[in-house]
Amino acid sequence: MTQTFEIKSAQLPLVALLLKMPDLADIIEDLYAQFGPASQSPDFFDDDAVVLDFFHLEFEDVDQSLPALMSALQHCRLKPIAFRNAKPSAASAALACGLIEAPAEMPRGKAINPKNNVERPVAESVREVVREVVREVPGPATLVIDKPLRSGQKIYARGADLVVLAMVNMGAEVVADGNIHVYAPLRGKAMAGASGNTQARIFSLCLEPELISIAGVYRTSENPLPKDIHGKPAQVRLSQDGHDKLIFEALNP
């Protein structure tokens, strides 16, 4: 008999929204300010799938704004499909919104052979697929830009590293899911690890950014860089102590 379908594990990119306060109205406001239709980055996402992560919430309950959060994510071109690390009441609210519960741990899934899994519960099969979907997979590609970026221009290296061989002027944005290398002055905004890669780094031969960000942890020009970093060759990375702190280090010749 001819097999009409086959279910295999899939490696798909997925971003995670880490909820850090139970008042979802504040989160919604910040989402619209940064990525909404009227923001400076309305096209930052491209209908990316997102999982809501409740790990940082210490409270049992979230407020009643979860449906509004789902709507806000969609207006920001994000597609909420799952949640994880939720306590019972938050999990109930998320399930009521049509989200699927994803496991906290994300081991690599295995292909499902229908012949060997005829009696396997459907819910368990779905869970296996979701386990693989929420696995964030970095892309191996590199995008190279060899022209200066003017104010208002934006470059996004989706699933890739970004290499810029010319100046990034004030008002321009460079974004990458991987690392960002700027072999010239960096005076605009630079956001590496945009899909949550906390190992991403930013390198520049002349670091003078309006905003610098890695995996959502950012610092603006309102908080001046140290004199031994500002305007000099430097790299930026995240601390590995769990405190989500940006580390600026001079690149000495």
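Worth saying up front: this structure is predicted, and the values here are computed from it rather than measured.
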Q) Do Met170 and Leu211 share a hydrophobic cluster, counting only Ile, Leu, Val, Met, Phe, Trp and Tyr and linking them when any side-chain heavy atoms are less than 4.5 Å apart? A) no
Q) Quick one: does Ile212's side chain get under 4.5 Å of Leu207's, heavy atoms only? A) yes
Q. Of the non-hydrogen atoms in Arg84 and Asp53, which two are nearest, and what is the gap between them?
A. NE-OD2, 2.8 Å
Q) If only atom types and distance count, is the side chain of Ser239 paired as donor or acceptor with the main-chain N or O of Lys245 below 3.5 Å? A) yes
(Q) Check for me, please, whether Tyr218 and Leu225 land in the same ILVMFWY cluster - side-chain distances under 4.5 Å, paths through other members count. (A) no
Q) Are more than 12 heavy atoms from other residues, nucleotides or ligands located less than 6.0 Å from atom CD of Glu29? A) no
Q) Given side chains that start at C-beta, do those of Val164 and Ile155 come closer than 4.5 Å, heavy atoms only? A) no
Q: To the nearest 0.5 Å, tell me how far Asn179 CG sits from Thr142 OG1.
A: 9.0 Å
Q: Any chance you could measure His181, atom NE2, to Leu162, atom CG, to the nearest 0.5 Å?
A: 9.0 Å
Q. Is there side-chain contact between Leu238 and Leu246, with at least one heavy-atom pair below 4.5 Å?
A. yes
Q: Measure across Ala141 and Ala160 and return the closest heavy-atom pair with its distance rounded to 0.1 Å.
A: O-CB, 3.1 Å
Q) Transitively linked via ILVMFWY side-chain contacts under 4.5 Å: Val236 with Val175? A) no
Q. How long is the gap from CG on Asp241 to CD1 on Ile247, to the nearest 0.5 Å?
A. 7.0 Å
Q: Check whether any side-chain heavy atom of Tyr183 sits under 4.5 Å from a side-chain heavy atom of Val163, and report yes or no.
A: yes
Q | Derivation of the side chain to side chain contact (heavy atoms under 4.5 Å, CB included) call for Val168 and Gln153 | A | CA-CA 9 Å; Val168 179; Gln153 289 185 302; over 6 Å; no
Q | Considering all heavy atoms, the nearest Ala184-Met167 contact | A | CB-N, 3.6 Å
Q: Kindly compute the distance separating CG (Leu19) from CG (Leu24), expressed to the nearest 0.5 Å.
A: 6.5 Å
Q) Taking NZ, NE, NH1 and NH2 as the nitrogens, is one of them in Arg158 or Asp48 under 4.0 Å from a carboxylate oxygen of the other? A) yes
Q) Is it the case that one hydrophobic cluster holds both Met191 and Ile214, taking links as side-chain heavy atoms less than 4.5 Å apart, direct or via other members? A) no
Q) Is it true that a side-chain atom of Glu101 and a backbone atom of Leu95 form a donor plus acceptor pair closer than 3.5 Å? A) no
Q) Do Asp177 and Tyr156 come within less than 4.5 Å of each other through their side chains, counting heavy atoms only? A) yes
Q. Under 4.5 Å between any side-chain heavy atoms of Ile180 and Leu186, yes or no?
A. no
Q. Is the closest side-chain heavy-atom distance between Leu78 and Leu17 below 4.5 Å?
A. no
Q: For Lys232 and Asp228, work out which heavy atoms get closest and say how close.
A: CD-O, 3.6 Å
Q: For Asn169 and Pro148, work out which heavy atoms get closest and say how close.
A: ND2-CB, 4.5 Å
Q. Can you tell me how far the NZ atom of Lys154 sits from the NZ atom of Lys189, to the nearest 0.5 Å?
A. 9.5 Å
Q: Over all heavy atoms of both residues, which pair between Ala33 and Ser39 is shortest? Give the atoms and the distance, please.
A: O-CB, 3.2 Å
Q: Give, for atom CD of Gln235 and atom CG of Leu251, the distance between the pair rounded to the nearest 0.5 Å.
A: 5.5 Å
(Q) Do Val174 and Val144 sit in one hydrophobic cluster, given that two such residues count as connected whenever their side-chain heavy atoms are within less than 4.5 Å of each other, even indirectly? (A) no
Q: Please determine if Glu208 and Arg187 form a salt bridge, counting it only when a charged side-chain N lies under 4.0 Å from a carboxylate O.
A: yes
Q. Around Glu222, counting heavy atoms of other residues, nucleotides and ligands shown, do more than 12 lie under 6.0 Å from its CD?
A. no
(Q) Could you tell me if the side chain of Tyr32 sits less than 4.5 Å from the side chain of His75, heavy atoms only? (A) yes
